[in-house]
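None of these values were measured; they are calculated from a predicted model.
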Amino acid sequence: MDKWFNNNTFAKILALAVSLLLWFMIHLDEVPTTPTITAGISSKVVERTVPVQPYGLDSNAYVLTSLSTDEVRLEIKGQRSMLTSIFTNDDYKVLVDLSQVKDGSNTLPLVPDLPSGVEVVSMEPSMVTVNVEKLGTKSFNVNIVPEGEPSAGYTAGTPVVEPSSPVKVTLPEGQLDAVASVQGSVSVKDAKDDVIQKKVKLQAYDAEGKVIENAIITPQAVEVRIPVSQPYTKVPLRIQYSGQLPDGLVLSSVEPNVKEVSVYGSEEVLAGIQSYDQTTLDLTQFTQSGTSTVNVDLTAPSGSEKIEPSSIQIKVTVSPYDEVETTTKVFPNVPINLSGLGTGLESELVTPKSGGLNITLTGSRNMLEGLSGDDIKLTGDLRGLAVGTHEIKLEADLPRFAKLDKASNSLSATVKISEKAEDATASPDPNSSEDNPSSPDPSPAEVENGKPNTDPVEEQNESNTEHQDPSQQGSAATNRGSVNNNDNNSSSGSKSGSNP
């Protein structure tokens, strides 16, 4: 190795190699740039159309209504590669600061926001006129509009909105007065149960029903429930009784846990239901005094869909007869029903003129308090009665726990029976003056007065009846019944409810 370093030829070769290496290193940066590289770093001027972007507006106080221009023409320069390929259109912006605007018109400078290395040569326009309007807020109740129809026989009720408080509508103050309502819509088509929607979008409408697009509503959506149900009617619950209590026991009180029931069905069926009387309490199940609770299932009336509640509880108190507090109660003007009239005849209640009698019942105070005149039925039997005026006995159908007081124990009424008008025309009365020559001719006075002679006694009776006060007529009928039958406990044609 030492021989190589001492050899002159090897030293010369090594020196040449180092010299060449140094020369290449020194002259490397002086190599001329190719035309392609020279074109990439040369400057270029281009035009761009850039949109104006507002910022800084207090959206709680103002709304931007207009800009005099929404785009700007820019002349920019920079390296060719940067202008043509590196940056996209989104990198070129022209901004307008709205943080200091006032209500109305404002003229503000435009500020370009360009990528680094790009310069603005010119900008047209350099200013913009901005119009802003102050916002106002007003509260409105929400109106939910059901769309479509529920299933046949069902109806949609009043929508329930949550939150129930009014919503706030924000608009430029000049547009607030145009808001007529805030509405949302919910479909109830073919529904049979309640319709619930968690988010119903709200919109503001003007008086013509057009949507106000720029209205800001807070909250934007609400939860809505629309009840859907069948038509129903609420009717009083009337308890019927069957069987008898043991001797010496009477009903002291009967207290159902509900006073009314709801019957569902078509409107035609519901129109004929005035009360629910299909609940029967069997008295034979009570064998001793005391209080007990009975569960009773309810059945929907014929033609109806359902009844609510479907079952009830009845609290029944049975007491010894001598321990029950008895009282009397008057039921005014209980209607009289006439039945059994023969074919071709018609009847007219002469007395009482009012068509009803005052009935006094005796029984347990608690039981009588729950009764009404509808619980008493007065019936007159006209079977076998011919044309003429008749005094008939009335039959009283009473609840089992009540009986007629002595003042009402004998009931009667006066009824006038006649042939129907069409039958009388077809078959003239054989006793008429035309067919009966023996009938006396009217007197000259009767001919002069234009009316036939009448029986003075009959005329007086009719006159007394017409001028008699309805209450007096009822009392008169009752008094007549008392004259005919002084024994209140005897059979008088009336049916008194016995103590169970």
Side-chain angles (χ1 to χ4, degrees), residues 238 240 268-269 271-275 277-278 301-303 331 333-359 373-398 404 408-440 442 451-455 457-466 468 470 473-474 476-485 490-497:
R238 301 191 184 282
Q240 307 298 316
E268 294 78 7
V269 171
I273 302 177
Q274 304 302 321
S275 63
D277 54 6
Q278 299 181 24
S302 176
F331 299 86
N333 204 34
V334 176
I336 298 173
N337 299 307
L338 301 177
S339 64
L341 186 65
T343 305
L345 301 178
E346 58 184 4
S347 62
E348 176 186 357
L349 197 60
V350 177
T351 59
K353 281 285 189 181
S354 62
L357 291 178
N358 296 337
I359 301 299
D374 295 336
D375 298 307
I376 306 171
K377 307 297 182 185
L378 288 181
T379 305
D381 188 1
L382 304 182
R383 285 178 296 179
L385 298 181
V387 174
T389 301
H390 308 271
E391 184 172 359
I392 61 171
K393 300 286 182 69
L394 299 178
E395 183 177 328
D397 186 6
L398 308 175
L404 287 172
S408 301
N409 207 21
S410 181
L411 308 174
S412 63
T414 303
V415 178
K416 183 179 179 181
I417 300 177
S418 59
E419 293 183 352
K420 291 184 178 180
E422 58 271 21
D423 296 338
T425 301
S427 302
D429 187 354
N431 297 323
S432 64
S433 58
E434 293 183 2
D435 298 333
N436 189 359
S438 63
S439 299
K451 62 180 180 179
N453 188 24
T454 57
D455 185 353
V457 176
E458 183 179 351
E459 182 178 359
Q460 181 178 358
N461 290 338
E462 292 180 357
S463 176
N464 291 338
T465 302
E466 291 175 356
Q468 190 175 19
Q473 297 163 10
T478 304
N479 290 337
R480 286 196 299 273
S482 300
V483 172
N484 292 333
N485 189 357
S490 64
S491 175
S492 61
S494 64
K495 183 174 71 176
S496 168

With heavy-atom distances below 4.5 Å as the criterion, would you say the side chains of [X] and [Y] are in contact?
X    : Y    : value
I417 : L341 : yes
V415 : V350 : no
L411 : K393 : no
S347 : L382 : yes
E419 : L345 : yes

- Straight-line distance of F331 CZ to I376 CD1, nearest 0.5 Å: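 Here the interatomic distance stands at 4.5 Å.
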- Query: Which distance, rounded to the nearest 0.5 Å, do you find between the NZ of K377 and the CG of N337?
  - Reply: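 K377 atom NZ to N337 atom CG measures 7.5 Å (nearest 0.5 Å).
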Give me the atom names and distance for the closest heavy-atom approach of [X] to [Y].
X    : Y    : answer
P352 : L357 : CG-CD2, 3.6 Å
G380 : I392 : CA-CD1, 3.9 Å
Q240 : D277 : CG-O, 3.2 Å
S412 : E391 : OG-OE2, 3.4 Å

- Task: Start with the C-alpha distance between R238 and D374, add both sets of side-chain angles, then the distance that settles salt bridge (Lys or Arg N to Asp or Glu O under 4.0 Å), and finish with yes or no.
- Result: CA-CA 10 Å; R238 301 191 184 282; D374 295 336; 3.6 Å; yes
- Can you tell which of I336, L338, L398 makes a side-chain contact (heavy atoms from CB on, under 4.5 Å) with L378?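 The residue from I336, L338, L398 that satisfies side-chain contact (heavy atoms from CB on, under 4.5 Å) with L378 turns out to be I336.
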- Residue pair D381, E395: steps toward the side-chain contact (heavy atoms from CB on, under 4.5 Å) verdict: CA-CA 8 Å; D381 188 1; E395 183 177 328; over 6 Å; no
- Item | Donor-acceptor contact below 3.5 Å, side chain S354 vs main chain G356 |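 Here the side-chain-to-backbone pair exists.
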- Message: With a 3.5 Å distance limit and no angle check, can you tell me whether N358 reaches the backbone of N333 through a side-chain donor-acceptor pair?
- Response: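 A pair under 3.5 Å: yes.
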